[in-house]
S.K.: 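Have a look at the structure that comes next, please.
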Amino acid sequence: MGIGTDKKGNGSGGELPAIIDDARLRPVFEKVVAGERLGYEDGLLLYRSPDLLTVGYMANMVRERLHGNITYFNVNRHINPTDVCVASCRLCAFGKKSKDPNAYTMSLEEVWHRAGLGWSESITEFHIVGGLHPTLTLDWYCRMVAGLKERFPQVHIKAFTMVEIAYFAQREKLSYREVLERLVRAGVDSMPGGGAEVFSERVRRIICDHKIDGGEWLEVAKIAHQVGLKSNCTMLYGHLESEEDRVDHLIRLREVQDETGGFVTFIPLAFHPANTPLQHIAVTTGFDDLRNVAVARLMLDNIPHIKAYWVMMTPRVAQVAQRFGANDIDGTVVEERIYHDAGATTSQGLRRQDLLRLIEQAGREPFERDTLYRRVVRTEGGAAPVGATLTVLT
Ligand code: V47
């Protein structure tokens, strides 16, 4: 029985909405009402049906069963210590070669300094990812993390994608497990979901042929979960992938989740083509963005949270997505580089009050969470340094 099952029998009823346009969705609707797992063919139909409202209605049913009226957000800061990257993925506008005059690599002191910059709200999470740097050692990254923990002991460190872990392992001739254990000892608390792209080998060969393959990404995730780290997971869509590739990707994530239970949140990521070698590809539409949120909610019956990442889909669409299956909108972010290098026109960060407004105007109840979805309570209005005002209710 998946997490989509309505054990109490409350939440949405089993009536097919009168507005349903695509009668082929009826069997899927019946499975969703019964809390049954959807299969590959169901996934394809959800991607192909023009009846987005019915797909969204079903996803919203599941979302409300799981989370009621709550939309989660957090107060976080992204840190990208370097954009120097040995890989040359066609999907990416962020990575640069070390001799590129625009490339940057922060010193440890700069990372620690930046972490505290613009500190107007009590941040509860650092989200840290970077390029695959040719010379920075695992020891350097461990010192970076330990230094952040020392300076900001209450801040959760969500750091390094599965791709970075595999790269460290290869460079240092260590196993994935050894790398992960060293990073945990240094202070890493959980991992973000990036680098998964789409698992199809055909597509990976074109968009990210320098990266580990999908099987390796999933293998690192499994080991991370075994050593006690929770992680997120993602899918990059809107480039060269087919609907079959998307459904296969979601099912492979679901299978790992059946085994480990370690994925907390799924984030569908729309491809931004600007400034990449794939810039001839058209940007995704709002229709496709909402559909990806909804299909993920319906297929990933064992992953608790679906995030509509406002940086990627714009605050406007991320807000509407709160009625199409998403129950999270991400956070304040403060300084985003990966999507902005690829032409994102959204702002670099949002204030806590902006997030509250977006959520409330979608008719949802804002819930400030920490990275692991525990409630964060602010006792003095929230504008103070970490340590002074935050309580995380366990
Ligand atoms: O792994 C890179 C993607 C990811 C482009 O775990 C691009 O909470 C679109 O993973 N167009 C990084 N996408 C972002 C990410 C993430 C974001 C927010 C929250 C979390 C989380 C994770 O962005 C990369 C890649 O899949 N990406 N370049 C591009 N041109």
Side-chain angles (χ1 to χ4, degrees), residues 72-74 76-80 83 85 87-96 124-132 156-167 189-199 203-204 207-208 210-212 214 217 221 224 229-241 249 253 262-279 281-284 289 292 303 305-314 318 326 328-346 349 369-373:
Y72 294 91
F73 72 99
N74 71 347
N76 62 350
R77 186 188 224 291
H78 284 212
I79 305 174
N80 306 118
D83 65 357
C85 191
S88 306
C89 299
R90 288 191 187 87
L91 70 91
C92 182
F94 171 72
K96 303 199 176 45
T124 62
E125 172 190 280
F126 292 134
H127 171 125
I128 307 172
V129 294
L132 307 179
H156 180 109
I157 299 183
K158 184 180 80 179
F160 309 117
T161 64
M162 310 307 161
V163 176
E164 289 171 278
I165 300 301
Y167 178 66
D189 296 302
S190 73
M191 294 171 69
E197 321 313 357
V198 74
F199 295 139
V203 178
R204 280 183 106 76
I207 66 166
C208 58
H210 298 98
K211 264 185 195 161
I212 49 171
W217 191 96
L229 286 168
K230 295 285 184 192
S231 82
N232 291 340
C233 53
T234 55
M235 177 175 76
L236 186 73
Y237 65 90
H239 41 87
L240 303 171
E241 85 291 359
H249 185 96
L253 288 174
F263 291 128
V264 180
T265 305
F266 174 80
I267 309 124
L269 295 171
F271 178 54
H272 283 222
N275 307 323
T276 77
L278 300 173
Q279 55 193 329
I281 294 177
V283 293
T284 61
D289 293 339
N292 270 284
I303 297 186
H305 304 284
I306 305 290
K307 184 189 286 185
Y309 180 40
W310 66 263
V311 174
M312 176 274 287
M313 56 170 67
T314 74
D328 194 314
I329 199 161
D330 203 74
T332 45
V333 178
V334 184
E335 193 179 19
E336 202 284 332
R337 289 177 189 252
I338 296 175
Y339 271 87
H340 286 85
D341 284 356
T345 53
T346 48
R369 61 168 177 88
D370 70 354
T371 309
L372 301 175
Y373 288 82

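Order of listing sets the numbers, starting from 1, for every ligand and every atom in it.
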S.K.: I'd like to check E197 versus R204 (side-chain heavy atoms, cut-off strictly below 4.5 Å). Are they in contact?
M.R.: yes
S.K.: Kindly indicate, with the supporting measurements, whether the criterion side chain to side chain donor-acceptor pair (under 3.5 Å) is fulfilled by Y237 and D289.
M.R.: CA-CA 9 Å; Y237 65 90; D289 293 339; 2.6 Å; yes
S.K.: Can a donor-acceptor pair be found, under 3.5 Å and without considering hydrogens, that links the side chain of N80 to the backbone of G130?
M.R.: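 No, because the side chain of N80 does not come within donor-acceptor range (under 3.5 Å) of the backbone of G130.
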S.K.: Identify the protein heavy atom lying closest to atom 20 (C) of ligand 1, giving its residue, its atom name and the separation to 0.1 Å.
M.R.: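 That would be H127 CE1, 3.4 Å.
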S.K.: Could you check atom 2 (C) of ligand 1 against the protein and tell me its nearest heavy-atom contact, residue, atom and distance included?
M.R.: L91 CD1, 3.4 Å
S.K.: With a heavy-atom distance limit of 4.0 Å, tell me whether Y309 approaches ligand 1 through its side chain, its backbone, both, or neither.
M.R.: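 Contact part for Y309 vs ligand 1: side chain (C-beta onward).
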S.K.: Looking at atom 13 (N) of ligand 1, what's its closest protein heavy atom, distance included?
M.R.: Y339 OH, 2.9 Å
S.K.: Taking the six-membered ring for Trp, are W217 and F199 parallel (under 30°), tilted (30 to 60°) or perpendicular (over 60°)?
M.R.: tilted
S.K.: I need the minimum non-hydrogen distance between T124 and D370, along with the two atoms involved.
M.R.: OG1-CA, 4.3 Å
S.K.: Within the side chain of N275, is there an N or O that forms a donor-acceptor pair under 3.5 Å with the backbone of D341?
M.R.: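 It does hold such a pair.
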S.K.: Is P192 close to ligand 1, meaning an N/O of one under 3.5 Å from an N/O of the other?
M.R.: no
S.K.: Can you name the closest pair of heavy atoms from T234 and G193 and give their distance?
M.R.: OG1-O, 2.6 Å
S.K.: Run the contact test for M191 against ligand 1 with a 4.0 Å cut-off on heavy atoms, strictly below, and give the result.
M.R.: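 In this structure, M191 fails to qualify as a contact of ligand 1 - no heavy atom is under 4.0 Å.
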S.K.: Which of the atoms in ligand 1, numbered in the order shown and given with their element, are less than 4.0 Å from a heavy-atom of L236?
M.R.: 7 (C), 9 (C), 13 (N)
S.K.: Judged by non-hydrogen atoms, does M312 sit under 4.0 Å from ligand 1?
M.R.: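 Judged by the 4.0 Å heavy-atom criterion, M312 does not count as contacting ligand 1.
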S.K.: Using 30° and 60° as the class limits, which term best fits the ring planes of H239 and F271: parallel, tilted or perpendicular?
M.R.: perpendicular
S.K.: Which heavy atom of P273 sits nearest a heavy atom of I281, and at what distance?
M.R.: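 Shortest heavy-atom contact: CG-O, 3.1 Å.
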S.K.: Out of curiosity, is F94 lining ligand 1, as in a heavy atom under 4.0 Å away?
M.R.: no
S.K.: If you compare all heavy atoms of H127 against all heavy atoms of P192, which two are closest, and at what distance to 0.1 Å?
M.R.: CE1-CB, 3.8 Å
S.K.: What distance separates D330 CG from M312 CE, expressed to the nearest 0.5 Å?
M.R.: 10.0 Å
S.K.: Within the 4.0 Å heavy-atom shell around N232, which atoms of ligand 1 are there?
M.R.: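 Near N232, meaning under 4.0 Å from one of its heavy atoms, ligand 1 has 6 (O), 8 (O), 21 (C).
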S.K.: May I ask you to list the atoms of ligand 1 that are less than 4.0 angstrom from any heavy atom of K158?
M.R.: 6 (O), 8 (O), 21 (C)
S.K.: Going by distance only, is there an N or O of H272 that falls short of 3.5 Å from an N or O of ligand 1?
M.R.: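 By distance alone, the answer is yes.
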S.K.: Which ligand 1 atoms, with their elements, are less than 4.0 angstrom from a heavy-atom of K307?
M.R.: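 Selected atoms, number and element: 8 (O), 19 (C), 21 (C).
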S.K.: Distance under 4.0 Å to a non-hydrogen atom of I267: what atoms of ligand 1 satisfy this?
M.R.: 6 (O), 8 (O), 20 (C), 21 (C)
S.K.: Between L269 and ligand 1, does any nitrogen or oxygen pair lie at a separation below 3.5 Å?
M.R.: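 Looking only at distances, the answer is no, because the N/O contact criterion of under 3.5 Å is not met.
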S.K.: Please list the nearest protein heavy atom to atom 12 (C) of ligand 1 with its residue and the distance rounded to 0.1 Å.
M.R.: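 Result: I338 CD1, 4.1 Å.
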S.K.: Is the shortest distance from a heavy atom of A270 to ligand 1 less than 4.0 Å?
M.R.: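 Contact check A270 vs ligand 1: positive.
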S.K.: Got the closest protein heavy atom to atom 1 (O) of ligand 1, with its distance?
M.R.: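 Here the closest protein heavy atom is G195 N, 2.7 Å.
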S.K.: Within a distance under 4.0 Å of any heavy atom of G194, pick out the atoms of ligand 1 and give their elements.
M.R.: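 Listed by number with element: 1 (O), 10 (O).
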S.K.: Could you tell me which atoms of ligand 1, counted from 1 in the order shown, lie closer than 4.0 angstrom to a heavy atom of E197?
M.R.: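 What qualifies from ligand 1 is 1 (O), 25 (C), 26 (O).
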S.K.: Considering only the protein, which heavy-atom contact is closest to atom 6 (O) of ligand 1, and what is its distance?
M.R.: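 I find the closest protein heavy atom is G193 N, 2.8 Å.
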S.K.: Keeping N76 on the side-chain end and F126 on the backbone end, is there a donor-acceptor pair under 3.5 Å?
M.R.: no
S.K.: Measure from the side-chain N and O atoms of H210 to the backbone N and O of S88, and report whether any donor-acceptor pair falls under 3.5 Å.
M.R.: yes
